[in-house]
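Data first, discussion second: the structure below is written as structure tokens.
A, B, ... follow the sequence lines: proteins, then strands. Residue 1 opens every chain. Only this structure's heavy atoms are used, side chains among them; waters, hydrogens and symmetry mates stay out.
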There are 2 protein chains.
Amino acid sequence: MTELLSSTVEDYLEAIFNLEKDKKAVRVKDIAQKMMVKLPTVTSMLNTLLQKGLIEHEKYEYVELTEKGLKVAREVDRRHGILRNFLTNILKIDARQAEEDACKMEHAISSVTFEKLVQFIEFIEMCPRGGSEWLGYFEQYCGGGYRKEECLKHMSGFIEECIRKLEKAKSSKEVKVMPDKQLKDLSPGEKARITRVTGRGSAHRRLLDMGVVPGSTIEMERIAPLGDPIEVMIKGYHLSLRKEEASHVFVEVS
Amino acid sequence: MTELLSSTVEDYLEAIFNLEKDKKAVRVKDIAQKMMVKLPTVTSMLNTLLQKGLIEHEKYEYVELTEKGLKVAREVDRRHGILRNFLTNILKIDARQAEEDACKMEHAISSVTFEKLVQFIEFIEMCPRGGSEWLGYFEQYCGGGYRKEECLKHMSGFIEECIRKLEKAKSSKEVKVMPDKQLKDLSPGEKARITRVTGRGSAHRRLLDMGVVPGSTIEMERIAPLGDPIEVMIKGYHLSLRKEEASHVFVEVS
DNA sequence: TAAGTCAGTTAGATTAATCTAATTATATGA
DNA sequence: TCATATAATTAGATTAATCTAACTGACTTA
Ligand SMILES: [Mn+2]
Ligand SMILES: [Mn+2]
Ligand SMILES: [Mn+2]
Ligand SMILES: [Mn+2]
């Protein structure tokens, strides 16, 4: 079904995808500039992409991704974003290097491994034994000044408070039987767990493809004036959803 | 200085390196089999490798890595091993997939990012807030049965004991002024931190290239009858050192 | 030692991704 | 509207990595 595409092909799709986000129309020249190649190289690649049904393009006209091309591009872009965030936020690699490495790694990881990595990143971020505090100790470790006792003692102070808070939250939840909320009801900055994604057909598929699946953690970033579009962070990756799309997503605040 | 080699070239070097470890002599056929290509492909690649000074090879004869080729191959193999271990031990990817992904990722990561990842893996393994116990909770998280309280409470029980143990170790260290040990003095299974790597020249360089650098954690695996070779685990990667090499490595048991 | 087998090489083709040089189309502006 | 500049395409070459088919060398064995 899913023919495998070379990493070069994936990178061109990614480039076109990003140009479409920035500008209205994508020209051959723009792609050449972004990919740092000459114009005939792009023309040649466009024929390849056309052949594979990934873009629409007529001689001397603008370039557009097809539904199929868009799907691939979105997935590549998602991987790129998640890997870049992992490298910058967790490993603390500098932005330029993280960008470069992410754009190579995005083609080298199988989807089963990638999704497992996504879960691991989520786990690091949400587990009270991990989190940004712990990552701070990782930096200390890299600098050579890490001391186990300090890390543990800090955890020790933190831990009782955490347990108390969690138990309180749990008991209040038991009483109230917290109902599902719609995604749009979250306020900016609020995090939730996706419980259901309703709907059918390609729109539904697109949501799942973007990582909007039950069980994932989602964070509201902002809602535009008329509730459209809605910007969210999911699996460490920034997404823009249309109001209609968001209406199919139900969440539970933890 | 270090010309960049294609990932294909790196994989051929890696294959030859592993064949050299297994068998006495490496034949064109062996390489073809391991790389899953036809014989003329190998002949052609051998010319490329010869040109680049990475192998020694005369028509119809066996293939051998040069010092230069060996250095590259060892580094690729090290990356491969560390990535595979990360994928299997931490992300719990199944062996076949981990092998495959590791062999692609090994070419996609810059050395600064890779070394940072190595440190992160080390940190996960050595920090008392991480470790295999914590990774168990990650598995639970993946299965959907993770509960923060349980993870925290377990930590809570564990933590006092840890702190007591650490403080005891610390105070006894302060009294005794623990002297440096030689690597060979470690007993199998014992872990230590590398404090010094003495010596000069290419032998010294080789040690550093293999990851035997001050600050790294090293674990003794076994010492052969006459103390040669010595097998150790460093940065999650299995290494075999000659007695002479090991004599330059000083460690501190933590 | 000559025949037969298998390993290895040579020759030549293919595909993907790039380039330069030359040509053609589109857009601008006088 | 026409000349010119800019964008895009076409043609043709190159390089890396692979293949098949044909040939050659080396090793074994009768
Ligand atoms: Mn890329
Ligand atoms: Mn990318
Ligand atoms: Mn590889
Ligand atoms: Mn490999």
Side-chain angles (χ1 to χ4, degrees), chain A residues 2-16 19-20 22-65 69 72-73 76 103-104 106-108, chain B residues 2-16 19-20 22-65 69 72-73 76 103-104 106-108:
Chain A
T2 318
E3 332 108 275
L4 22 3
L5 305 170
S6 70
S7 39
T8 310
V9 163
E10 289 185 345
D11 278 339
Y12 276 91
L13 292 174
E14 193 190 9
I16 295 167
L19 288 166
E20 276 186 356
D22 295 356
K23 306 192 159 202
K24 47 284 135 203
V26 178
R27 287 172 307 168
V28 174
K29 202 183 72 157
D30 300 323
I31 303 173
Q33 189 163 45
K34 179 152 282 197
M35 295 297 293
M36 298 194 294
V37 297
K38 293 294 158 68
L39 288 171
T41 306
V42 176
T43 303
S44 158
M45 178 54 73
L46 292 184
N47 289 329
T48 304
L49 299 178
L50 209 51
Q51 208 102 60
K52 293 183 190 290
L54 297 164
I55 58 166
E56 278 166 52
H57 177 234
E58 293 187 72
K59 269 191 196 174
Y60 296 102
E61 299 295 318
Y62 298 131
V63 177
E64 255 182 297
L65 293 171
V72 176
V76 175
C103 207
K104 289 224 245 155
E106 72 196 4
H107 316 286
Chain B
T2 319
E3 333 107 277
L4 25 359
L5 305 171
S6 69
S7 39
T8 309
V9 163
E10 289 185 345
D11 279 339
Y12 277 91
L13 293 174
E14 193 190 8
I16 296 167
L19 288 166
E20 277 186 354
D22 296 355
K23 306 187 154 206
K24 48 284 136 203
V26 179
R27 287 173 307 167
V28 173
K29 203 183 72 157
D30 301 323
I31 303 173
Q33 188 163 44
K34 178 151 285 195
M35 296 297 293
M36 297 196 293
V37 298
K38 294 293 161 66
L39 288 171
T41 307
V42 176
T43 302
S44 160
M45 178 55 72
L46 293 184
N47 288 329
T48 305
L49 299 178
L50 209 53
Q51 208 101 62
K52 294 182 190 291
L54 298 163
I55 58 167
E56 278 167 51
H57 177 232
E58 295 188 70
K59 269 192 197 173
Y60 297 102
E61 300 295 321
Y62 298 130
V63 178
E64 257 183 296
L65 293 171
V72 175
V76 174
C103 206
K104 289 224 245 155
E106 72 196 6
H107 316 285

Quiz item: Do A:Glu64 and A:Val26 touch side chain to side chain, with heavy atoms closer than 4.5 Å?
Solution: no
Self-check item: Test item: A:Leu49 and A:Ile16 side chains (from C-beta on) under 4.5 Å apart, heavy atoms
Solution: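 With C-beta onward as the side chain, the pair touches.
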Practice problem: With a 4.0 angstrom cut-off to heavy atoms of chain A, pull out the first and last contacting nucleotide of DNA chain C, in 5'-to-3' order. | Solution: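 Footprint of chain A along DNA chain C, 5' to 3': C:dA17 to C:dT26.
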Quiz item: With nearest nucleotides of DNA chain C determined for A:Glu61 and B:Ser44 from heavy-atom distances, which residue corresponds to the more 5′ nucleotide?
Solution: B:Ser44
Quiz item: If each of A:Tyr60 and B:Glu58 is mapped to the nucleotide of DNA chain C with the nearest heavy atom, which maps nearer the 5' terminus, i.e. the 5' end?
Solution: B:Glu58
Quiz item: Start at the 5' end of DNA chain D and walk down; is the nucleotide closest to B:Thr41 or to B:Lys52 reached first?
Solution: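 Closer to the 5' end of DNA chain D: B:Lys52.
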Could you tell me how far apart [X] ([atom1]) and [N] ([atom2]) are, to the nearest whole angstrom?
| X | N | atom1 | atom2 | value |
| --- | --- | --- | --- | --- |
| B:Lys59 | D:dT24 | NZ | P | 12 Å |
| A:Ile31 | D:dA8 | CD1 | P | 9 Å |
| A:Met45 | D:dT10 | CE | C1' | 17 Å |
| A:Arg27 | D:dT6 | CZ | C1' | 10 Å |

Quiz prompt | Residue from A:Asn47, A:Asp30, A:Val28 passing side-chain contact (heavy atoms from CB on, under 4.5 Å) with A:Val42 | solution =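 Among A:Asn47, A:Asp30, A:Val28, the one that satisfies the side-chain contact (heavy atoms from CB on, under 4.5 Å) with A:Val42 is A:Val28.
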By the 4.0 Å heavy-atom rule, please label [X] as base, sugar-phosphate, or nothing.
| X | value |
| --- | --- |
| A:Thr8 | sugar-phosphate |
| B:Ser6 | sugar-phosphate |
| B:Tyr62 | nothing |

Quiz item: Does B:Lys34 NZ have over 12 foreign heavy atoms under 6.0 Å away?
Solution: yes
Quiz prompt | N/O donor-acceptor pair under 3.5 Å between B:Glu10 side chain and B:Val76 backbone | solution = no
Self-check item: Any donor-acceptor pair under 3.5 Å from A:Asp22 side chain to A:Leu19 backbone
Solution: no
